[in-house]
There are 2 protein chains.
Amino acid sequence: MTAKTGTSKSGAAKPGKPRFGQLGRDQPLHKKVATLISKEIVNGQFLPGDKLPSEHELAQIFEVSRNVVREAIACLRSDGVVISRQGLGAFVVQPELRQAIRIDAEELQQSGNLRSLFELRSALEIEAAGLAAKRRTKPQLARIEQALSKMTGAEKMLDAGIDADLDFHRAVAEAAGNEYLVTFLTYLGHQMRETILTVRETHGLETVVELTIAEHQRIFEALTAGDPDAARNAMRDHIGAAAQRLNIEL
Amino acid sequence: MTAKTGTSKSGAAKPGKPRFGQLGRDQPLHKKVATLISKEIVNGQFLPGDKLPSEHELAQIFEVSRNVVREAIACLRSDGVVISRQGLGAFVVQPELRQAIRIDAEELQQSGNLRSLFELRSALEIEAAGLAAKRRTKPQLARIEQALSKMTGAEKMLDAGIDADLDFHRAVAEAAGNEYLVTFLTYLGHQMRETILTVRETHGLETVVELTIAEHQRIFEALTAGDPDAARNAMRDHIGAAAQRLNIEL
DNA sequence: CTTATAGGGTTATCCTACAACCGGATAATA
DNA sequence: TATTATCCGGTTGTAGGATAACCCTATAAG
């Protein structure tokens, strides 16, 4: 595979920014079909173990080619929502047997859901802080300190402030010495970032995300001191204060 | 969509059981191609922002039809590993912008990873127990008690014992009143179940998973009493003891 | 300089065809 | 009668060809 011919300039690394020529939110057919099938599974029309209509039938129902249906099913299959059996059909899988955790962005904006996810993330952040205090290395402390120093410079901006906060938390998670914590917390941080930005725009919310350097400084000091209890308390306080600033009651 | 024509008897709800005629682990081409591309992304041949070879090129490289390549890319796209731009190509996405969390089963069996996931799950289970003690309803308590009663009957079996344990934990998570906790814990529970079963078979491990009804009983009592601290402590002790039984040091 | 057009490359969709698999029904054999 | 083999129809998996739609760049025109 000779693959470095792509121009990174075409930068799809920012998938949230549709290009003008693509009519905004108009989705490709294969994605629409996947979404519609997924909705009927969520709605209970197809229960675990149920067989979906054949590809041929779905192609007729949706008035698309069978290729489009196959690609849509490939998406659902990748998520473990369905499993295909050659010669038989595609079958709905039990939710707990799915292969991935996915947080729906629209669902996250619904009442109470941001709070719930905050609650879950909080438990993991606090755990990560405690572990980081026990396991951090010198280079990791330097990395956290670097992330902390970025927060001084970003103080007057909004998006960059959130990003600096996420970077700090990522550095702490990395010091926890648990790769799954890194993966989970990174994912959760970014999902919440997108939602906070969206809710802010949608509601014309003018709240400035105040960066409280002191809270982060306190976490850093507890990590430096290698004191897990202090680290957990500092993180708990920080998360609690952050929730308050977003009018989320924990 | 008229879809209840499927026979649930064909039961793809047990995807771990290949049928004899399918030559065991021989995978469809589209899945193989997706795996091979994904590996080259993980290996760093394609970095975030990089463009993959065109579909036409990939079809030549892998000596398959372009349809197979498109379905493989549909899988990667569904995971948020790549994003497609019509007319341009498919581009690798930054890991933190991915759309889902996925735990690789093989990776989980590698040294220390089961412990790490146990650690993460522990933090969430303990949090869920504390919340459940605050938020549980009468029907939810009955549900938990039902799950608890199943553990008496399943005491002498292995798989069923693990499943009864998972069912208990799921019931507790549901009483926590946080749908994300349910989703995450259910997923984590099943991933670990599969790994524990696999490791046991692989290593000819004869350890019997002892079901300690007393530990679960204690959790239930704390929930009934509505005592979050007691619930958290009971859960912490239970998880710690469970880890010990599996030779996992937390 | 700005705008329009052409051209080449790429993804998205459509179509046709056949291979491979599956389960059930039927026929053949012991 | 029970067991095994074969056939058939339905379904997924793969291949290949074609065109539409999109994108970017280069060139021409105003």
Side-chain angles (χ1 to χ4, degrees), chain A residues 2-3 5-12 15 17-34 37 50-78 82-92, chain B residues 2-3 5-12 15 17-34 37 50-78 82-92:
Chain A
T2 66
T5 53
T7 62
S8 303
K9 278 275 177 69
S10 309
K17 302 279 178 88
R19 294 170 186 265
F20 190 77
Q22 214 156 4
L23 298 172
R25 298 214 29 125
D26 193 31
Q27 298 185 314
L29 285 181
H30 54 78
K31 182 154 187 184
K32 281 181 183 171
V33 169
I37 295 176
D50 282 358
K51 177 183 166 310
L52 295 183
S54 72
E55 295 171 359
H56 178 68
E57 283 174 332
L58 288 170
Q60 288 184 324
I61 289 163
F62 290 116
E63 295 183 330
V64 296
S65 80
R66 204 182 127 214
N67 282 339
V68 172
V69 170
R70 284 194 59 76
E71 285 183 34
I73 289 177
C75 292
L76 299 176
R77 191 165 52 214
S78 185
V82 303
I83 189 166
S84 297
R85 291 292 185 218
Q86 182 170 349
L88 285 190
F91 297 84
V92 180
Chain B
T2 67
T5 54
T7 61
S8 305
K9 279 276 177 69
S10 309
K17 302 276 175 91
R19 293 169 185 267
F20 190 77
Q22 214 157 1
L23 296 172
R25 301 222 16 137
D26 193 30
Q27 298 185 313
L29 286 181
H30 54 78
K31 182 156 188 182
K32 282 181 183 170
V33 170
I37 295 176
D50 282 357
K51 177 185 168 304
L52 295 183
S54 73
E55 295 170 357
H56 178 68
E57 283 173 334
L58 289 170
Q60 287 183 326
I61 289 163
F62 290 116
E63 293 183 332
V64 296
S65 83
R66 208 183 121 216
N67 281 336
V68 171
V69 170
R70 285 195 57 76
E71 286 183 32
I73 289 177
C75 291
L76 299 176
R77 190 166 51 214
S78 184
V82 303
I83 188 166
S84 296
R85 291 294 184 215
Q86 183 169 345
L88 284 190
F91 296 85
V92 179

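Below, chain A is the first sequence line, B the second, and so on; all start at residue 1.
Nearest heavy-atom pair across Ser65(A) and Ala59(A) is C-CB, 4.1 Å. Ala72(B) approaches Val33(B) most closely through the heavy-atom pair CB-CG1, 3.6 Å. Shortest non-hydrogen contact noted between Ile73(A) and Ser84(A) is CG2-OG, 4.0 Å.
Atom CD of Glu71(B) and atom CG of Asn67(A) lie 7.5 Å apart (nearest 0.5 Å). In this structure, Lys31(A) NZ and Arg77(B) CZ are separated by 9.0 Å, a value rounded to the nearest 0.5 Å. With rounding to the nearest 0.5 Å, the separation of OG in Ser54(B) from CD in Gln60(B) is 8.0 Å.
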Scoring nucleotides 6-16 of chain C by protein non-hydrogen atoms under 4.0 Å (B base, S sugar-phosphate only, - none) yields ---BBBBBBB-
task: Evaluate the criterion side-chain contact (heavy atoms from CB on, under 4.5 Å) for residue pair Ile37(B) and Val82(B); output intermediate values, then yes/no.
output: CA-CA 10 Å; Ile37(B) 295 176; Val82(B) 303; 5.6 Å; no
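Among the candidates Glu57(B), Glu55(B), His56(B), the single residue satisfying the side chain to side chain contact (heavy atoms under 4.5 Å, CB included) test with Val69(B) is Glu55(B).
Remark on the helix from dC1(C)-dG30(D) to dA30(C)-dT1(D): inter-end axis angle 0°, axes from five-pair C1' superpositions, rounded to 10°.
As a whole-Å value, the separation of Gln60(A) CD from dT11(D) P is 11 Å.
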